[in-house]
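The next block holds one structure in the form of structure tokens; read it before the comments.
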Amino acid sequence: MPRVLLYEFLTGGGLIGQPDSPNDVSLRREGAAMLAALATDFAALDGIKTTVILDRRQDANLLPPSKCEIVSALEPGDDCRALEHHCRHADWTIVIAPEFDGLLESRLRLVANTGGRLLGPSPQLAALASDKQRTAEHLAASGVPVPFGRSVDANDLLDTAEEIGFPAVIKPLDGAGSLNVRLVRDRATAARLQAAYRDRGIFGARVRVERYYPGTAASVAVLCGPAGLFPLPPCSQRLIDDGQFRYLGGCCPLDAALAHRAEALAFRAVESLADPLGYLGVDLVLGRGRDDVVIEINPRLTTSYVGLRAVAASNLAEAMLTIADGQSPTLSFRNRCVEYDSDGTVRFAAAIE
């Protein structure tokens, strides 16, 4: 019987032995929502055995009862040991982890070096997409529009922001989930952020400073494999307008005219990558004057999955397997509108006329 192994860093034991921070709690909610949705979809497939690595402190009720084999992580490092052992016996392994601190790349590399078969990006692709500056340079070289910006030492962010022009955006090179992303409206804000960096080290050694692009924040998930690239319905993103771009969730579908622009741009971005596989998320801004830019590429499952599966009339996990096996999937979506939160809560609106 074919076996799929699922590992999500925050619910799979990656934080065992570490004190929780407010950011960890928020990211764990998102991780749990993604894991539960994905596990439910795989468990619904006949003839597929689904194995999940789960932190013993995590509520196992988030997974389909009696449908998943659970491998418990009990001590620090158990998650990686379980991933290394069980990926050898799985037909496909899906890894979900934040990009910062090399967490995603290192676990993808562990699976690849062990001989496991990733249903997702290679470690090399993840390394590229995890570096915001490298991603921007790669996309720009491929003719894909990105915000103008550059990587600098965080102590130089004030001068760089002034050169790029206000408002600007400052972000860690390897951030995830809008963590530590800041809108710099003026020189005074840039000076405060630079001082905060010196005093508290809120950023890494280097940051990316880029021009702020107003417009509609959107995301497009693309299923990738030997069968080709298959964009899913674009979603709008809900962000708190507090200068920190805190992610609340999204809405699907996007207005038809905007959706067409978003899908075309996301396709160009993913098409520029070497051998993309599995689920990739593209975040972008659709400008008011068609000044559209790609903000980043997420080399993993994103929270949009919980909304997309709610409007899908077909099983998205099955589509991922089909595409990876080199066959064209059956993808269909209901004529309905859905709003979803970062914790996985889904709300339906009336059908679209």
Side-chain angles (χ1 to χ4, degrees), residues 1-9 11-13 31-55 58-73 79 82-97 107-108 110-112 114-122 221-233 275-281 300-302 304-334 344 346:
M1 176 182 294
R3 175 182 293 188
V4 174
L5 174 64
L6 305 181
Y7 167 77
E8 194 281 318
F9 172 81
T11 58
M34 288 186 281
L35 179 66
L38 192 62
T40 299
D41 286 348
F42 274 113
L45 301 178
D46 292 333
I48 297 290
K49 182 174 183 179
T50 305
T51 302
V52 181
I53 300 172
L54 199 66
D55 186 335
Q58 183 71 48
D59 185 2
N61 289 327
L62 70 90
L63 302 175
S66 74
K67 290 287 188 177
C68 295
E69 175 191 28
I70 295 177
V71 176
S72 294
D79 62 322
L83 183 60
E84 182 177 22
H85 173 76
H86 288 278
C87 78
R88 295 190 181 102
H89 308 289
D91 294 272
W92 292 105
T93 296
I94 295 180
V95 174
I96 308 169
R107 282 151 179 79
L108 292 173
L110 184 154
V111 174
T114 303
R117 193 181 182 198
L118 286 165
L119 182 51
S122 66
V222 183
L223 304 187
C224 317
L229 306 181
F230 298 85
L232 302 182
D275 301 320
L277 182 65
Y279 181 110
L280 297 179
R300 52 170 172 78
L301 203 79
T302 64
S304 298
Y305 187 89
V306 302
L308 291 166
R309 68 185 292 270
V311 297
S314 51
N315 189 312
L316 297 183
E318 183 177 25
M320 292 169 62
L321 291 173
T322 300
I323 296 167
D325 283 334
Q327 304 173 54
S328 295
T330 298
L331 286 169
S332 58
F333 296 89
R334 302 180 182 92
V346 174

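Just so you know, these numbers come straight off a predicted model, no measurement behind them.
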What's the verdict on side-chain contact (heavy atoms from CB on, under 4.5 Å) for T50 and L63, showing C-alpha distance, side-chain angles and the deciding distance?
-> CA-CA 11 Å; T50 305; L63 302 175; over 6 Å; no

Near D275 CG, under 6.0 Å, is it more than 12 heavy atoms from other residues, nucleotides or ligands?
-> no

The reported gap from CG in L277 to CH2 in W92 (rounded to nearest 0.5 angstrom) is 5.5 Å

L6 and its side-chain contact (heavy atoms from CB on, under 4.5 Å) partner, picked from L38, T11, I53, L119 = L38

Going from CD1 on I323 to CD on E318, what distance comes out if it is rounded to the nearest 0.5 angstrom?
-> 11.0 Å

T40 and R309: which non-hydrogen atoms are nearest, and at how many Å?
-> CG2-NH2, 3.6 Å

For residues Q327 and T322, is any side-chain donor paired with an opposing acceptor at under 3.5 Å?
-> no

T93 side, atom OG1; E84 side, atom CD - distance, nearest 0.5 Å = 12.0 Å

Is there a donor-acceptor pair closer than 3.5 Å between any side-chain N or O of D41 and the backbone N or O of N315?
-> no

Nearest-0.5 Å distance that lies between atom CZ in R88 and atom CG in L5 | 12.0 Å

Could you tell me which non-hydrogen atom of Q58 sits nearest to which non-hydrogen atom of A32, and how far apart they are?
-> NE2-CB, 4.3 Å

Residue pair I94, Y279: steps toward the side-chain contact (heavy atoms from CB on, under 4.5 Å) verdict | CA-CA 10 Å; I94 295 180; Y279 181 110; over 6 Å; no

Work out which heavy atom in A319 is nearest to a heavy atom in L223; give both atom names and the distance.
-> CB-CD1, 3.9 Å

Looking only at heavy atoms, the pair that brings P2 and G47 closest together is CD-O, 3.1 Å

Would you sort out whether I96 and L35 count as a side-chain contact (heavy atoms from CB on, under 4.5 Å), showing the intermediate values?
-> CA-CA 8 Å; I96 308 169; L35 179 66; 5.5 Å; no

May I ask you to test the R107-D79 pair for a side-chain heavy-atom distance under 4.5 Å?
-> yes

Considering only heavy atoms from C-beta outward, does the side chain of C224 approach that of L280 to under 4.5 Å?
-> yes

With a 4.5 Å limit on heavy-atom distance, are the side chains of L316 and L331 in contact?
-> yes

Is there side-chain contact between I48 and L321, with heavy atoms separated by less than 4.5 Å?
-> yes

Side-chain heavy atoms of L232 within contact of F333, under 4.5 Å = yes

R334 versus A312, closest heavy-atom pair with distance | NH1-O, 2.6 Å

Value rounded to 0.5 Å, distance of OG1 in T114 from NE2 in H85 | 11.5 Å

Specify the closest pair of heavy atoms between V306 and A37, including all atoms of both residues, with the distance to one decimal.
-> CG1-CB, 3.9 Å

Is the backbone of S332 close enough, under 3.5 Å, to the side chain of S314 for a donor and an acceptor to pair up by distance?
-> yes

How far does CZ of R3 sit from CD of E69, to the nearest 0.5 angstrom?
-> 5.0 Å

